[in-house]
Amino acid sequence: MAVDELSVGGLGARVKRVEDDRLIRGKGNFTDDFKLPGMLHMEILRSPHAHARIVSVDTTKAWAIPGVHLVLTGELMAQRNLAWMPTLSYDTQAVMAMDKVRFQGQEVAAVVADDPYIAKDACEAIEVVYESLPAIVNPMQAKAPDAPLIRDDKDGQADNVCYTWEVGDKSMTDRVFERAENVVKLDCYYPRSHPSPIECCGCIADFNPATAKLTIYMTTQAPHIIRTAVALVAELPEHMIRIIAPDIGGGFGNKVPVYPGYVIATLASILVGRPVKWIEDKTGNLISTGFARDMYFHGELAIDRRGKIEGLRIHVDTDNGAFFSDAQPTKFKVGLMHSAFACYDIPYGHLTSQGHYTNKAPGGVAYRCSFRVTEAMFFQERLIAAAASDLGIDPAEFRRVNFVREFPWRTTYGMLLDSGDYDKCLTLALEKLGYEELRKEQAAARKEGRYIGIGISTMTEPLGAGNSREFDIIGIKMFDSAELRIHPSGKAVLKIGSKTQGQGHETTFAQIVAHELGIPSTDILVQHGDTDNTPFGMGTYASRSTPTAGAATSMASRKVRAKARKLAAHLLEVSEDDLEWELGRFYVRDAPQRGVTIQDCALAAYTNMPDGLEPGLENNAYYDPPNMTWPFAAYLAAVEIDPETGVWEVLRFVAVDDCGVRINPMIVEGQIMGGLAEAFAMSNMQFITFDSSGNCIGANYMDYLIPTAWETPKWELHEVVTPCPHHPIGAKGVGECATVGGPAAFVNAVMDAVSHLGVRNIDMPVFSGRVWEAITQQHDVSGFPPLAGH
Ligand code: MCN
Ligand code: CUM
């Protein structure tokens with residue numbers, strides 16, 4: 001008898017997350033929970049200025065404080081050739097400022113002491129003399145002809161531009177626009193935001209002088225990349241470096257980059273010969289690490305009289321902060337911005353982009369976003385909504401006219417779509433919302449002076465980087481890995497190259513093995529995040545774990561199954577060719593009652609092998625996906641605005657997600673709900689801005705708002721399944737879809753409610769104050785910084 005897929009916890013089973021047992025009881029092990037013998041503590045002194053020359057750094061008083069073991073300055077770092085480090089985008093970043101500080105919160109010095117309090121006090125005793133310089137806080141200032149040069153450290157850098165990039169066919173696109181019947185334009189701004197996981201960044205660097213082995217416990221989403229980066233930057237042998245990423249309290253992209261604190265703590269441990277722990281406080285995290293978005297868009301659509309889009313032009317300016325340091329695939333300087341409009345059939349398009357250095361912390365981190373896809377999809381859906389509204393076409397109909405319907409499909413900007421059923425998703429969403437009825441209600445309400453709006457956002461996004469042909473980070477190709485070992489009793493250990501931060505890999509990856517082999521998922525231990533103990537992987541971000549490491553898990557399981565077949569043939573005394581597989585069991589084709597289970601095969605691998613067959617039952621796989629996976633989502637929001645105050649409330653929110661085959665539907669729903677909560681936050685409360693001197697406003701949870709269950713609307717979730725044609729189990733990534741596609745649904749809904757007043761755009765966050773201004777003044781409200789707009 002085959003085992004039942006759902007009862008062994010295979011595909012489609014709503015298995016409870018195994019990691020929750022320890023996490024919910026407070027028994028997780030996060031970086032800050034580790035206490036190593038002889039461990040010292042490090043604190044970082046950060047710059048109060050956004051732009052200033054450093055005249056002098058006097059550490060005498062800090063050294064004199066009892067309990068201080070080491071004071072690090074840029075000069076000391078420079079002696080070890082560590083004052084600067086290469087970034088993941090081929091730029092350089094100051095590990096510790098020497099010549100000048102370039103953003104508020106930049107690392108200026110650090111103290112290692114017996115406890116974090118002494119270290120903090122000693123930081124305050126360091127005397128730094130600054131000579132302040134004018135601060136640049138947005139790309140417009142950065143571009144001005146008389147703007148001060150921020151990166152005067154770089155040879156040949158004469159302006160504040162950090163990259164320019166373009167894709168598409170300019171001349172054909174221009175021609176389409178020249179003869180277009182309608183041209184619709186939109187400008188808007190996606191404000192700076194921050195992933196803000198509950199756990200901040202930190203590490204314990206432990207250099208053992210006796211063995212020369214360096215172990216770093218750290219909050220990283222990509223331990224193997226870090227190991228290689230440490231080997232290259234610190235010039236240490238890679239086999240003597242071990243990166244351990246223990247439990248992580250949320251990553252959301254914040255824990256992808258290499259931050260100076262890691263490098264400083266590592267050097268400190270090498271110098272003092274003892275473990276050194278550095279844990280960021282909340283303000284340190286919010287002002288210096290992992291900023292996302294901060295992008296200015298200009299876009300145009302050429303549309304014919306039937307509503308068919310014929311051409312697309314986009315220009316984006318990005319504010320990258322003082323260092324271009326976020327992770328980007330080498331070929332693509334604005335991440336995957338060129339995935340914009342992928343779900344629409346547009347014959348010609350051109351995209352240009354320019355990045356700007358400013359006196360802000362490094363930005364551009366993908367916050368729950370496959371490299372700038374969040375920005376791409378937000379602008380796409382805002383421009384689509386504006387076009388439908390300007391042309392007086394129903395926004396659902398306008399999308400239908402323009403959806404891609406044939407696969408495979410090469411998009412305007414050159415990406416390859418392989419599957420999807422966009423109309424089916426949108427139709428289901430409209431049905432579930434009761435779209436037609438709601439439109440009638442909206443019209444009736446408007447007559448009574450009530451403002452109801454319906455917002456639609458539909459998008460497909462590329463998840464699961466790579467393939468290795470197109471995707472690498474600093475030259476390391478993007479694939480992923482898995483190693484599966486079956487013990488004699490049929491229990492198994494799976495080691496993967498990805499690293500969970502809350503996504504539930506310990507549960508879902510065991511489910512993939514259960515599906516392939518019929519071993520109950522509860523009999524499989526999933527290990528991850530320790531470079532001494534797991535195969536090389538590129539880490540977890542860009543919702544790549546299921547598309548890459550998940551596929552590798554399938555492939556490793558299938559190799560194990562192939563060997564188990566030989567063992568089964570031996571046990572049943574038949575030829576391999578006479579065997580059939582059903583879940584959990586091989587049987588003789590002509591005598592189905594004669595069979596052996598996968599567990600019988602496992603035991604035989606150690607106790608009763610046929611002559612000539614290697615003992616043991618294990619294998620591994622490195623999986624290089626042929627393409628990205630392309631999930632699709634249709635998100636519909638209905639809102640009502642109070643015209644007296646501009647306060648808006650979400651009446652309904654319907655989400656239809658197609659992420660192909662779902663491994664664990666409960667975990668997928670959790671991912672979507674969490675993602676929608678973040679999307680909602682971005683739409684109306686979450687942003688970080690800077691005053692004209694470059695002071696960061698949003699450095700604590702009084703200013704930077706996180707939605708609680710109280711503010712968060714109720715989500716109505718539905719699914720469509722279009723299996724991914726190239727993934728071994730048909731799964732597509734899903735971890736970011738809702739954050740990517742969600743924001744535009746809310747903003748479009750608010751705009752739909754006020755469009756009859758001639759309002760076309762209110763930038764995020766769509767605060768009630770901004771809505772009230774738009775209603776009363778009947779004009780657009782820009783979020784252009786430094787306007788705070790509260
Ligand atoms: N899954 C599934 N069926 C599918 C697709 C996914 O059951 N068809 C499951 C996966 O097996 C996994 C989870 O859903 O357990 C998310 O899978 P996937 O889409 O592969 O994304 P990753 O595991 O690579 O997670 C990364 C993604 C990113 S990039 C951000 S940012 C984000 C997100 O996940 N950060 C998170 N979700 C998060 N959730 C939590 N709790 N914490 C974070 O930091
Ligand atoms: Cu893009 S944020 Mo996630 O990729 O870690």
Side-chain angles (χ1 to χ4, degrees), residues 10-15 17-20 23 193-199 219-222 247-257 290 292-293 326-328 335-336 364-375 461-465 480 496-512 515 521 526 528 537-551 553-554 625 629 631 657-678 719 721-724 727 729-740:
L11 292 190
R14 294 178 166 267
V15 177
R17 294 176 14 132
V18 296
E19 41 273 85
D20 286 353
L23 296 176
S193 62
H194 196 285
S196 188
I198 296 294
E199 182 201 23
T219 55
T220 178
Q221 298 177 218
D247 281 329
I248 289 186
F252 304 107
N254 186 228
K255 290 165 182 166
V256 175
R293 330 294 189 226
D326 52 310
Q328 293 313 327
L336 302 183
V365 158
Y367 161 18
R368 214 164 182 176
C369 153
S370 185
F371 310 112
R372 302 276 195 192
V373 166
T374 310
E375 292 95 312
E461 61 163 328
L463 293 183
D480 229 285
I496 51 178
S498 63
K499 165 69 207 154
T500 188
Q501 317 124 41
Q503 295 90 344
H505 294 179
E506 291 170 30
T507 309
T508 50
F509 280 65
Q511 291 186 253
I512 298 173
H515 165 72
S521 66
V526 179
H528 54 90
M538 233 51 53
T540 290
Y541 44 85
S543 301
R544 61 188 302 283
S545 306
T546 305
T548 58
T553 298
S554 272
T629 67
D657 278 271
D658 179 355
C659 59
V661 173
R662 296 184 177 199
I663 302 162
N664 184 327
M666 184 189 69
I667 285 182
V668 168
E669 287 159 17
Q671 287 292 308
I672 294 167
M673 288 184 189
L676 288 174
E678 287 181 324
E719 72 171 325
V721 176
T722 315
C724 174
H727 189 278
I729 57 168
K732 304 182 179 187
V734 76
E736 297 155 310
C737 295
T739 314
V740 172

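Numbers here are sequence positions counted from 1. Counting starts at 1 for both ligands and their atoms, in listed order.
- The side chain to side chain donor-acceptor pair (under 3.5 Å) with Ser545 is formed by just one residue from the set Thr500, Asp480, Thr540, Thr508; it is Thr540.
- With a 4.0 Å heavy-atom cut-off, ligand 1 is reached by the backbone of Ile663 and by its side chain too.
- Taking every heavy atom of Cys369 and a limit of under 4.0 angstrom, the matching atoms of ligand 2 come to 1 (Cu), 2 (S), 4 (O).
- Ligand 2 lies less than 4.0 angstrom from a heavy atom belonging to Ala542.
- For ligand 1, the atoms closer than 4.0 angstrom to any heavy atom of Gly251 are 43 (C), 44 (O).
- Within the set Cys724, Gly502, Ala366, Ser498, the minimum heavy-atom distance to atom 40 (C) of ligand 1 is found for Gly502.
- Of all the heavy atoms of Phe371, none lies under 4.0 Å from any atom of ligand 2, so neither backbone nor side chain is involved.
- The side-chain contact (heavy atoms from CB on, under 4.5 Å) test with Ser498 singles out one residue from His505, Gln503, Gln221, and that residue is His505.
- Nearest to atom 5 (C) of ligand 1 by heavy atom, out of His505, Glu736, Lys732, is Lys732.
- Looking at Val734 against ligand 1, both its backbone and its side chain come within 4.0 Å, counting heavy atoms.
- Counting the atoms of ligand 2 from 1 in the order shown, those under 4.0 Å from a heavy atom of Gly253 are 2 (S), 3 (Mo), 5 (O).
- By the criterion of a heavy-atom distance under 4.0 Å, neither the backbone nor the side chain of Thr500 is placed next to ligand 1.
- Looking at Ala366 next to ligand 2, no N or O pair under 3.5 Å apart turns up.
- The shortest heavy-atom distance from Glu736 to ligand 2 is under 4.0 Å.
- Taking every heavy atom of Phe252 and a limit of under 4.0 angstrom, the matching atoms of ligand 2 come to 2 (S), 5 (O).
- Shown in contact with Tyr541 at under 4.0 Å from a heavy atom are these atoms of ligand 2, numbered in order with element: 3 (Mo), 4 (O), 5 (O).
- Here the SG atom belonging to Cys659 is positioned 4.5 Å from the CZ atom belonging to Arg662, to the nearest 0.5 angstrom.
- When only interatomic distances are considered, the shortest N/O to N/O separation between Arg662 and ligand 1 does not fall below 3.5 Å.
- Here Pro547 has side-chain heavy atoms under 4.0 Å from ligand 1, and that is the only part of it that gets that close.
- Protein heavy atom at the shortest distance from atom 5 (O) of ligand 2 is Gln221 NE2, 2.7 Å.
- When heavy-atom distances to ligand 1 are checked against a 4.0 Å cut-off, Gln671 comes that close only through its side chain, counted from C-beta outward.
- Ion pair Glu461/Lys732 not flagged as a salt bridge, since none of the NZ, NE, NH1 or NH2 atoms sits closer than 4.0 Å to an Asp/Glu carboxylate oxygen.
- Annotation: atom 2 (C) of ligand 1 to nearest protein heavy atom, Val668 CG2, 3.3 Å.
- Residue-ligand proximity, Ala731 to ligand 1, at heavy-atom distances under 4.0 Å covers atoms 8 (N).
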